[in-house]
Amino acid sequence: MVTCTSTTPCPTHRLLATRVFQMKNPRCHFLILFIQLVCIISFCHYVMPIRGEDNNTSAVNVDLGIILDMETDVGKVMHTCILLAIEDYHAAASQTATRIVPHLRDSEKDDVEAASAAIYLLKDVQVHAIFGPQMSTQTDFVIDLGNRVKVPIISPATSPSLSVEENPFFIRGALPSSSQTKAIAAIVKNYDWRQVVIIHEDSSYGTGIVPHLTDALLEINTLVSYRSVISPSANDDQILKELYNLNTKQTRVFIVHLQPSLASRLFLKAKEAGMMSSGYAWVITDVLTSLLDSVDPSVIESSIQGVLGIKPYVPSTTELKNFTKRWRKRFHQEYPDIDGVELNVFGLWAYDSITSLAEAVAKGGITAIPKFKNADTRKNLTDIDALGTSELGSLLIHSMQNITLKAGLSGDFRIADGELQPYPYQIVNIIGTGQRSVGFWTEKDSISYKLKMNGKTAKADNKQLGAIIWPGESTIVPKGWDISISGKRLRVGVPVNGKLDEFIKVEGDSKTQVLVATGLCLDFFNEIIRSLPYAVSYVFIPFPIPDSRTSPDYFHLDNMEYDAVVGDVTILARQSKYVNFALPFPESGISTVVPVKDDERKNIWIFLKPLKSELWITTGAFFVFIGFVVWVLEHRVNKEFRGPKHKLVGMIFWFSFSTLVFAHRERVTSNLTRFVLTVWVFVVLVLTSSYTASLSSMLTAQQLQPANDLINNGGYVGYQKGSFVKYFLMRMQFDSSKLRSYSTLEEYNDALSRGSKNGGVSLIIDELPYLTLFVNKYCRKYIMVGQPYKTDGFGIAFPEAWPLVPDVSIAVLKVMEGGEFAKRGIQKYSSNETDCPQSNGTSDSLTLDSFKGLFLIAGVSAGTALLIFFLIFLYQNREILATDDSIRKKLSAIAKVFDEEKDISNSKSEKPGGNAESQTATVLLPASEASPEILPNLSSQSLEIRISDDLGASPADEGFSTTEPATPVHETITETF
């Protein structure tokens, strides 16, 4: 059906009128022709303004198509801003002949209507640029049309799926939703949330952000534990059901990416489900935060309190304030029946986009608008195929793809390669019906509380957000997860058939018939939970460990049915495929325990052990030898070394052995003797020091049986039954026939006590926690030897992506610091109240090889002195050797002379050239009697008095003597006459 108006006659109406008049009165043909001419002129007058042609032939009109959802407040806001932008351009360029003519079409929230409006604008109006549509689903098809017709499409659609790289005629006039993902991730990281839930609508707008947001969260080691997809057409009951489903999960951090209308319904139902209370954290994305003014204030005040939101930061300027006043006035003129709508960032972007288009038009210096190149009309074409191509569009897109407005209303409005460049994001806290700024985020500085804008550089004053009021009017930062939902407690699995009772023991209570779990591992776990910064309710649930046919000794966690598993669970690479482990809580590693040798400290002959028998014999022989040498050297010149034979033998032994404690009192006069004794005293000093050290070590250190020797001698090796140590030993190429497994510490003790020859083992190889407990329980019998082989130790197992793992790991570090808790636990379960001495050293007897050098020096020194003495003695008695007597008589004469005391008084008192009659008398008197009163007649004579004390003797009788402190001091008086 064709509808005609008075100003726009249609061809059908004209044809019908002509035929009627011709039929009734053929003579009126001239009148009919005149009426047709008037209709044609009227039609052309109506169509020319639509096509952008002005009565002013000097003006050049650029037709701009506008496709908006005029049923939405955002559409109305952007339309008003576009009109103001065009007016401002015309006012600023009044002398310019170029004019922008807008052509508005309403998409009516429908993709088909948006496509129809685009086809009309491109085919019938032949616009040279299109602003819009708003929605991503509408924009997708319009972009394809723009690429075909070569007309720039400037759209505020935010979906990242709309790529400017793949669409050369697409200009994004708003920030894509993917640009905010790093800002959201920075907020999550700031509060150390390990898991989040993403709530988005089931549309291209909602799903476009998900992969980008997931990647940004993974970069900070945060997982998306669940994605909640809500249809825009979902009713309240469906939304409430989904929220109840979310409430049963442990994650309490929700990132909401919804349109304002759907988001307001979601938060109303979240309030009803009790999810807007303390412990929950909600973060809303930029579109919702920027358009929060469009949400009913009563909904905001009742259901969106404490929510964090991010939005592009728009600096407050004088130009923006003046424009806001103009915009409000113009908006009320355009839409007088609408109240409560405020200017938003999408309106500012629309204004800046049109201003950029106007600058591109002015920059192109357009003097005439070329017509569209028509498509091939020889074919029967559809409306899309019939579209031509714009020559002006190519010029405009070239200027628009890289353009900057230094003084844009939205801030630094810069388009590069067709994409609006990122803005700083403002982080706000929803309080009451308003938004309170708590910080900012920039690509360069990340989170900051205050933002200083110096040109293009944003500098952060600090790296913390301001104070935030969380849901439930709480000031405590939500930890991000919760276990205690409707009385639910953390279900902690405890293996019933653990390895050692001291670590895990499950037994039934005789009164309540309830299984009770105890042990060192559970004590550690309880202390770790108490160290968490928040309370966690939990219950121990015993469970049996199923054996595996392929590796029965491994602890399997393939199908984790508990919130955690606590026990002597070793962290292995295979286990880590199925569960997450917290940091190990006991000392980790594999070590070896060997028996201590029989305690010889109770042996009454232990004092002989420091020296080997050959060293004892050699030492004794040298004592006799040195005594003999000293006697030979001193016999003729020292009265103390003379006397009967039995006395001489006793003197030899006494003098030599007394040097052990430096108690010899006999003086020595020969320099050769002094040389021998100097060397020998040094040897004795080294011997006594080494003997003392060795004996002390034997009395204090435990003696170990070397593990390598035990294994090389065919000894058996013990390990714990049900432990991975068996496979470790097999990988270390231990003979499997030499391995024996045991289940308890008592069995360890029995096996080591019996030894390999009596059905036991020579050593035990196991994990450090077990061996530490074993050694402390049997303190004096066994000891760990060698360097431990490092392993990951015991760990608390959690399901994959469990949010409690990081906090538990930190608590483990706190408990393990200092080692006091582990020390108390070992003492508790080993029934040992005192520490055991830890020593890995050994003390063997000293051998002769260690002292051969000393004895060689002492022997050579003594032998040399003896040789020199005999050479001098023979030289002095050479007249005996020169006689004609037999050798026997000569030797007898030599021996007799040797046995005689040598008179040394003349040799010591005579001076060269002295008087033969001079005589020297030496009188030794006590110091108390050496006074002038006693010797009154010696005043006229030459009197020389020498005093000898402990430190030395007079030159005449100088000797090697260690005088006791109680020995009287003597005066040596030499009278010369």
May I have all residue pairs that pass side-chain hydrogen bond (donor to acceptor under 3.5 Å, both in side chains) and include part of residues 263-274, sequence neighbours excluded? Asp236-Arg265, Lys269-Glu272
Just to verify, which of Leu218, Val224, Thr285, Ile198 counts as forming a side-chain contact (heavy atoms from CB on, under 4.5 Å) with Leu213? Ile198
Validation row: Val196, Thr222 side chains within 4.5 angstrom (heavy atoms): yes
Using only atom types and a distance under 3.5 Å, with no angle test, would you say the side chain of Gln250 pairs donor to acceptor with the backbone of Trp481? no
Would you say the side chain of Tyr226 lies within less than 4.5 Å of the side chain of Asn245, judging by non-hydrogen atoms? yes
Test of understanding: with side chain to side chain contact (heavy atoms under 4.5 Å, CB included), list the residues that count as partners of Ser155, not counting sequence neighbours. Thr139, Ala157, Phe170
Could you check if a side-chain atom of Pro312 sits within less than 4.5 angstrom of a side-chain atom of Trp349, using non-hydrogen atoms only? yes
So, taking the atom named OG1 in Thr72 and the one named CD in Glu108, what distance separates them when rounded to the nearest 0.5 Å? 12.0 Å
Taking atom types as modelled, is there a side-chain donor on Ser261 or Gln259 under 3.5 Å from an acceptor on the other? no
Show me the pairs that pass salt bridge (Lys or Arg N to Asp or Glu O under 4.0 Å) and involve residues 527-543, at least two apart or across chains. Glu527-Arg530
Going by the rule ring pair (Phe, Tyr, Trp, His ring centres under 6.0 Å), which residues pair with Phe440 if we only count those two or more places apart in sequence or in a different chain? Tyr313
Minimum heavy-atom separation for Ile220 to Ala185, with atom names? CD1-O, 3.1 Å
Under 3.5 Å donor-acceptor, Ser474 side chain and Pro471 backbone: no
Donor on one side chain, acceptor on other, Asp111 and Thr137, under 3.5 Å: yes
Inter-residue atom distance Ile187.CD1 - Asn190.CG, 0.5 Å rounding: 8.0 Å
Verify side-chain hydrogen bond (donor to acceptor under 3.5 Å, both in side chains) between Lys311 and Gln435, making sure each step is shown before the conclusion. CA-CA 11 Å; Lys311 62 180 182 180; Gln435 304 175 7; 2.8 Å; yes
Once rounded to the nearest 0.5 Å, what's the spacing between atom CG of Asn344 and atom OG1 of Thr289? 12.5 Å
Ring pair (Phe, Tyr, Trp, His ring centres under 6.0 Å) partners of residues 255-275, not counting sequence neighbours, each pair once: Tyr205-His257, Phe267-Trp282
Phe524 ring center within less than 6.0 Å of Phe794 ring center: no
By salt bridge (charged side-chain N to carboxylate O under 4.0 Å, His left out), which residues pair with Lys182, not counting sequence neighbours? Glu443
Considering non-hydrogen atoms only, spot the tightest contact between Ala811 and Ser531 and give its length. CB-CB, 4.0 Å
Checking Ser437 against Gln426: is there a side-chain donor and acceptor pair closer than 3.5 Å? yes
Can you tell me if Glu71 has over 12 outside heavy atoms packed within less than 6.0 Å of its CD? yes
Under the side chain to side chain contact (heavy atoms under 4.5 Å, CB included) test, which residues partner Arg194, sequence neighbours left out? Asp192, Asn221, Pro806
In Å, rounded to the nearest 0.5 Å, how long is the span from CG of Asn580 to CD1 of Ile571? 11.0 Å
With the side chain counted from C-beta on, respond yes when Val808 and Ile528 share a heavy-atom pair under 4.5 Å apart, and no when they do not. yes
If the condition is side chain to side chain contact (heavy atoms under 4.5 Å, CB included), which residues does Ser277 pass it with, not counting sequence neighbours? Tyr280
With sequence neighbours excluded, what pairs up with Glu342 under the salt bridge (charged side-chain N to carboxylate O under 4.0 Å, His left out) test? Arg328
Here the gap from Asp140 atom CG to Asn167 atom CG, rounded to the nearest 0.5 Å, amounts to 7.5 Å
Do Val812 and Lys814 pass the side-chain contact (heavy atoms from CB on, under 4.5 Å) test, and can you show the C-alpha distance, the side-chain angles, and the key distance before you say yes or no? CA-CA 5 Å; Val812 168; Lys814 292 180 181 179; over 6 Å; no
In the structure I gave you, are the side-chain heavy atoms of Val314 and Leu348 within less than 4.5 Å of one another anywhere? yes
Looking at residues at least two apart in the chain, or sitting in another chain, which of them share a side chain to side chain contact (heavy atoms under 4.5 Å, CB included) with Asn429? Leu308, Ile431, Arg436, Val438, Ile468, Ile469
Tyr423 and Thr442 side chains, donor-acceptor separation under 3.5 Å: no
Write down the atom of Gly432, the atom of Ile300, and the distance for their closest heavy-atom approach. O-CG2, 3.4 Å
Non-hydrogen atoms of Phe346 and Ser290 that approach each other most closely: CE1-CB, 4.5 Å
With a 4.5 Å heavy-atom cut-off, do Thr518 and Ile504 have their side chains touching? no
Can you check side-chain contact (heavy atoms from CB on, under 4.5 Å) on Ile239 and Ile230, steps first, answer last? CA-CA 7 Å; Ile239 294 175; Ile230 299 179; 4.2 Å; yes
Would Gln138 and Lys109 count as having a side-chain donor-acceptor pair, cut-off 3.5 Å? no
Checking Ile447 against Leu465 for the side-chain contact (heavy atoms from CB on, under 4.5 Å) test, could you report, in this order, the C-alpha distance in whole Å, the side-chain angles of both residues, the deciding distance, and whether it holds? CA-CA 7 Å; Ile447 283 180; Leu465 295 177; 3.5 Å; yes
Compute whether any side-chain donor of one residue and acceptor of the other, for Tyr538 and Asp563, lie under 3.5 angstrom apart. no
Test item: side-chain donor near acceptor, Ser161 and Ser204, under 3.5 Å: no
Could you pull out all residues at least two apart from Glu419 that satisfy salt bridge (charged side-chain N to carboxylate O under 4.0 Å, His left out)? Arg172
What closest approach, in Å, do Met70 and Asp106 show between heavy atoms, and which atom pair accounts for it? N-OD1, 3.0 Å
Which atoms form the tightest heavy-atom contact between Glu166 and Ser163, and what is the distance? N-OG, 3.3 Å
Sorted by chain and residue number, the ring pair (Phe, Tyr, Trp, His ring centres under 6.0 Å) partners of Tyr191 (sequence neighbours excluded) come out as Trp193, Trp470
Please assess Glu201 against Val229 for the test side-chain contact (heavy atoms from CB on, under 4.5 Å), listing each intermediate value before the final yes or no. CA-CA 5 Å; Glu201 68 178 48; Val229 183; over 6 Å; no
Flag side-chain contact, heavy atom, 4.5 Å: Pro176 against Thr158: no
Validation row: Met78, Gln134 side chains within 4.5 angstrom (heavy atoms): yes
How long is the gap from CD1 on Ile199 to CZ on Phe254, to the nearest 0.5 Å? 6.0 Å
